[in-house]
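Structure first, commentary second.
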Amino acid sequence: MSESSSNFIHDIIEADFAAGRRRLVTRFPPEPNGYLHIGHAKSICLNFGLAEKYGGQCNLRFDDTNPCTEEEEYVTAIQRDVRWLGFDWQDRLCFASDYFERLYEWAEQLIRAGKAYVCDLSPDEMADYRGNYYRKGRPSPFRDRSVEENLDLFRRMRAGEFPDGSKTLRAKIDMSSQNMNLRDPPMYRIRHVPHHRTGHAWCIYPTYDWAHGQCDAIEGVTHSICTLEFENHRPLYDWFLRELGIADPPRQIEFARLNLSYTVLSKRKLIQLVQQGHVNGWDDPRMPTLAGLRRRGYTPESIRAFCERIGVSRADSLVDVGLLENAVRDDLNRRAPRVMGVLHPLRVVLTNFPPGQTIELEAPLHPEDPSFGTRTLRLSRELYIERDDFRENPPNKWFRLAPGREVRLRYACLITCQEVVRDPHTGEIVELRCTWDPASRGGQAPDGRRVQGTSHWVSAEDSVPAEVRLYDRLFTCEDPGAQEDFLAYLNPASLTVLSGCRVEPMLAQASPGASFQFERLGYFCVDPDTRPGHLVFNRTVTLKDSWAKIEKKEQASRLASAGGPGTPRG
RNA sequence: UGGGGCGUCGACAAGUGGUAAGUCACGGGUCUUUGGUACCCGCAUCCGCAGGUUCGAAUCCUGCCGCCCCAGCCA
């Protein structure tokens, strides 16, 4: 493993080791109430990466303390995603629910120590008694119940004698604390709801705040790494650990969660996108979920590289999604075989090519890596090129096809456009009639003449049809999560389905998930919707397009010199 | 009117008193049968602002400004 760039957590851990600590145990603690997303990947890479780096171990622990929102489906999906990312928790699959009995015993211990009490306040009353940022709280009228009464009530809570919400067990800490978390926070609530793992065994469930630190302690977690919003809770976690007399408690370290531009990363919002049908499920390729990214064609390696590059700090940030895109391009450039696919086919007839004849050409599957081998291309009289590769009135610096211009067909030959055929009614260009230079077979100019443009192409006869799904950012603004109504910024053009595409015949055999570079266009992978006779590709990411940049610049300068700035159009 | 954090290039992010790493983006160039890749060059006299300490500060001190989190029986 290459050395990652340093971060403040490394410093803390190294200082702990220097001070005598022997081992490192971390954990990734998801709640099974949604799918994992790229933000979780940051945490996963951090926690498992730390364990790897310092020879420790990292557990996968489900913080399943709230049966109202959690489901088995998520438990399964989360495990699949962590494994897919490339991490292994071995036999350390843990659940907070496995510790419910131990947590219960600890709760009784606190009651006996006079540090916890059963409270009959309703949620509204409790909020009122708690006060606010500027006003201290008042003690609950039930705060001074005797140990015996508390014990009796708590046991009866467990036994199911009271309705939902009628009572809570609260820590007795400090109603006037400046830290709201210490104003006698609830430890248990009554929920007559079955749990996906413990079934009907419990009708009282521990709160996350009560459970988390102790769960870490049970597992021997040495460094409990979490996001910044839990920093305010740390004094509470430390209080529990201290009052319980737990030796060698975990040390909590907070870092800033990931924000990615042009998407949302909050579970609430993601679940909304799914449930309201703005996307087609958790694995919609436009989703920032690991399932979505996987279906989109992102590799685990690229996601890990991304997490490595963004670093870890305590400063709020909004990472440019371009960084993620660059990470996949970088990875796929090395590992994706090159093929040709035409998204918007334009028929080309080679008028001087012998009818019925076919020339076979060997083409490398990766120009920089011969180990990929080659495949056979068949050139015949009729073929398709990309509509965008032809311009009847070529702009400045254009070196693709145009009337009278010569261009190279990748790995095939040089052709010159002689005639443009249009639909007599619509005027649409339907065909190009070109001549080829038979001496240029393979694409080499026989006399060394310079032909700058190279186009991808596909044989009209033996190419196969395909559906191609083009994705764009899900939102039109950089930080939709910060807007009042993030749904108002959904990008209506986030998905474009192209149905008349043509690809090389070898792709008919490709299996779902396989990635390819369609030369000059981008990286595409086979979607699981693919059926025999119906190929479906997802565009993972485009290639960098410097022509687009040049054209944009030319247009801008033309506009500037012609009409001056700000000339309205249309 | 409280408490806890954070502010270094367009976006991330190193740096921990000795004179501003790296990545992405951006600009320029070389190479090129992908206007892809690769490679080369450039890109913060300055570290939220203002004072102070020091031979010397992004790093220490003081004050100010800005942003984030906290009033769920969510996590």
Side-chain angles (χ1 to χ4, degrees), chain A residues 5-7 11 29-31 33 63 65-66 68-69 119 121-123 126-128 130-137 164-170 177-181 183 185-191 204-205 207-209 211-212 226-235 254 256 261 267-268 306 308-327 329-330 333-334 338 340 363 366-368 397-400 408-414 440 442-445 451-456 478 517-522 542-551:
Chain A
S5 71
S6 178
N7 67 51
D11 298 342
E31 185 195 11
N33 68 345
D63 271 338
T65 56
N66 185 355
C68 301
T69 57
C119 180
L121 253 26
S122 72
M126 195 183 290
D128 182 49
R130 189 162 28 229
N132 61 34
Y133 299 149
Y134 319 110
R135 198 172 54 243
K136 294 180 178 188
D164 284 5
S166 60
K167 285 180 167 45
T168 55
L169 181 73
R170 293 227 257 167
S177 174
Q178 289 167 348
N179 184 337
M180 302 288 288
N181 294 300
R183 321 246 263 226
M187 295 162 60
Y188 277 91
R189 359 73 136 145
I190 301 173
R191 292 285 119 90
I204 57 172
Y205 290 96
T207 60
Y208 173 88
D209 278 351
H212 197 78
C226 64
T227 43
L228 250 21
E229 66 268 30
F230 294 106
E231 181 161 37
N232 294 332
H233 298 238
R234 194 171 66 217
E254 308 86 10
S261 62
K267 256 192 214 176
R268 203 205 104 243
F306 167 75
E308 193 60 53
R309 290 177 200 175
I310 58 174
V312 178
S313 77
R314 291 173 63 87
D316 286 320
S317 63
L318 179 62
V319 175
D320 186 342
V321 70
L323 207 56
L324 215 210
E325 294 172 344
N326 180 267
R329 280 197 195 98
D330 199 42
N333 174 50
R334 253 164 300 172
R338 269 59 178 189
M340 290 191 281
H366 192 123
E368 275 105 38
K397 296 182 182 170
W398 175 265
F399 47 80
R400 274 119 95 146
R408 173 173 27 249
L409 295 183
R410 178 77 159 159
Y411 297 133
C413 63
L414 302 177
S440 67
Q444 206 78 249
V451 177
Q452 255 199 128
T454 298
S455 283
H456 57 281
E478 207 181 27
Q517 183 194 101
F518 286 7
E519 290 207 57
R520 305 208 306 131
L521 296 177
T542 61
L543 252 29
K544 279 194 205 160
D545 187 351
S546 40
W547 162 247
K549 235 180 245 179
I550 293 169
E551 191 174 35

- Query: If you look at every strand shown and take non-hydrogen atoms under 4.0 Å, does A/Val312 touch a base, only sugar-phosphate, or nothing?
  - Reply: sugar-phosphate

Re B/G22: Watson-Crick or G-U wobble partner, both distances kept under 3.5 Å, found to be B/C12

Give one of base, sugar-phosphate or nothing for A/Glu254, where a contact means two heavy atoms less than 4.0 Å apart. nothing

Residue set satisfying salt bridge (charged side-chain N to carboxylate O under 4.0 Å, His left out) with A/Asp330, at least two apart, ordered chain then number -> A/Arg309, A/Arg334

Sorted by chain and residue number, the side-chain contact (heavy atoms from CB on, under 4.5 Å) partners of A/Ala445 (sequence neighbours excluded) come out as A/Leu414, A/Asp447, A/Arg449

Scanning all shown strands, the Watson-Crick or wobble mate of B/G51 with both distances under 3.5 Å is B/C61

Rounded P spacing from B/G42 to B/C47 in Å: 23 Å

Is any side-chain heavy atom of A/Glu231 closer than 4.5 Å to one of A/Arg314? yes

| message | Applying a 4.0 Å non-hydrogen cut-off, can you work out what A/Pro367 is touching in the nucleic acid: base, sugar-phosphate, or nothing? | response | base

By side-chain contact (heavy atoms from CB on, under 4.5 Å), A/Leu318 pairs with (sequence neighbours left out) A/Asn259, A/Ser261, A/Glu478, A/Asp479

Classify the nucleic acid contact of A/Gln444 as base, sugar-phosphate or nothing, counting any heavy atom under 4.0 Å across all strands shown.
base

Distances under 3.5 Å between nitrogen or oxygen atoms of protein and nucleotides 5-12 of chain B:
| from | atom 1 | to | atom 2 | distance (Å) |
| --- | --- | --- | --- | --- |
| B/G5 | O3' | A/Arg314 | NH2 | 3.3 |
| B/C6 | OP1 | A/Arg314 | NE | 3.4 |
| B/A11 | O3' | A/Leu318 | O | 3.0 |
| B/A11 | O2' | A/Leu318 | O | 3.0 |
| B/A11 | O2' | A/Asp320 | N | 3.1 |
| B/C12 | OP1 | A/Leu318 | N | 2.6 |
| B/C12 | OP1 | A/Leu318 | O | 3.2 |
| B/C12 | O5' | A/Leu318 | O | 3.4 |
| B/C12 | O2' | A/Ile310 | O | 3.0 |

Base orientation of B/G52, chi within 90° of 0 counted as syn, else anti, reads anti

Looking at every strand, decide which applies to A/Arg338 at a 4.0 Å heavy-atom threshold: base, sugar-phosphate, or nothing.
base

Across all chains, not counting sequence neighbours, the side chain to side chain donor-acceptor pair (under 3.5 Å) partners of A/Asn181 are A/Asn179

- Is there a side-chain polar atom (N or O) of A/Ser6 under 4.0 Å from OP1 or OP2 of B/G15? yes

Paired to B/G66 by Watson-Crick or G-U wobble criteria (both distances under 3.5 Å) is B/C6

Scanning all shown strands, the Watson-Crick or wobble mate of B/C39 with both distances under 3.5 Å is B/G29

Q.
Taking the side chain as everything from C-beta on, heavy atoms only, tell me whether A/Arg520 gets closer than 4.5 Å to A/Asp545.
A. no

To the nearest angstrom, the CD-C1' distance between A/Glu308 and B/A14 comes to 13 Å

A/Ile204 meets the side-chain contact (heavy atoms from CB on, under 4.5 Å) criterion, sequence neighbours left out, with A/Tyr104, A/Phe154, A/Met157, A/Arg158, A/Tyr188, A/Ile190, A/Trp202

With sequence neighbours left out, the residues meeting side chain to side chain donor-acceptor pair (under 3.5 Å) with A/Ser317 are none

In B/S/- notation (B base, S sugar-phosphate only, - none; protein heavy atoms under 4.0 Å), nucleotides 70-75 of chain B written 5' to 3' is BBSBSB

Those residues at least two apart in sequence (or on a different chain) that pass side-chain contact (heavy atoms from CB on, under 4.5 Å) with A/Glu229 are A/Thr227, A/Arg257

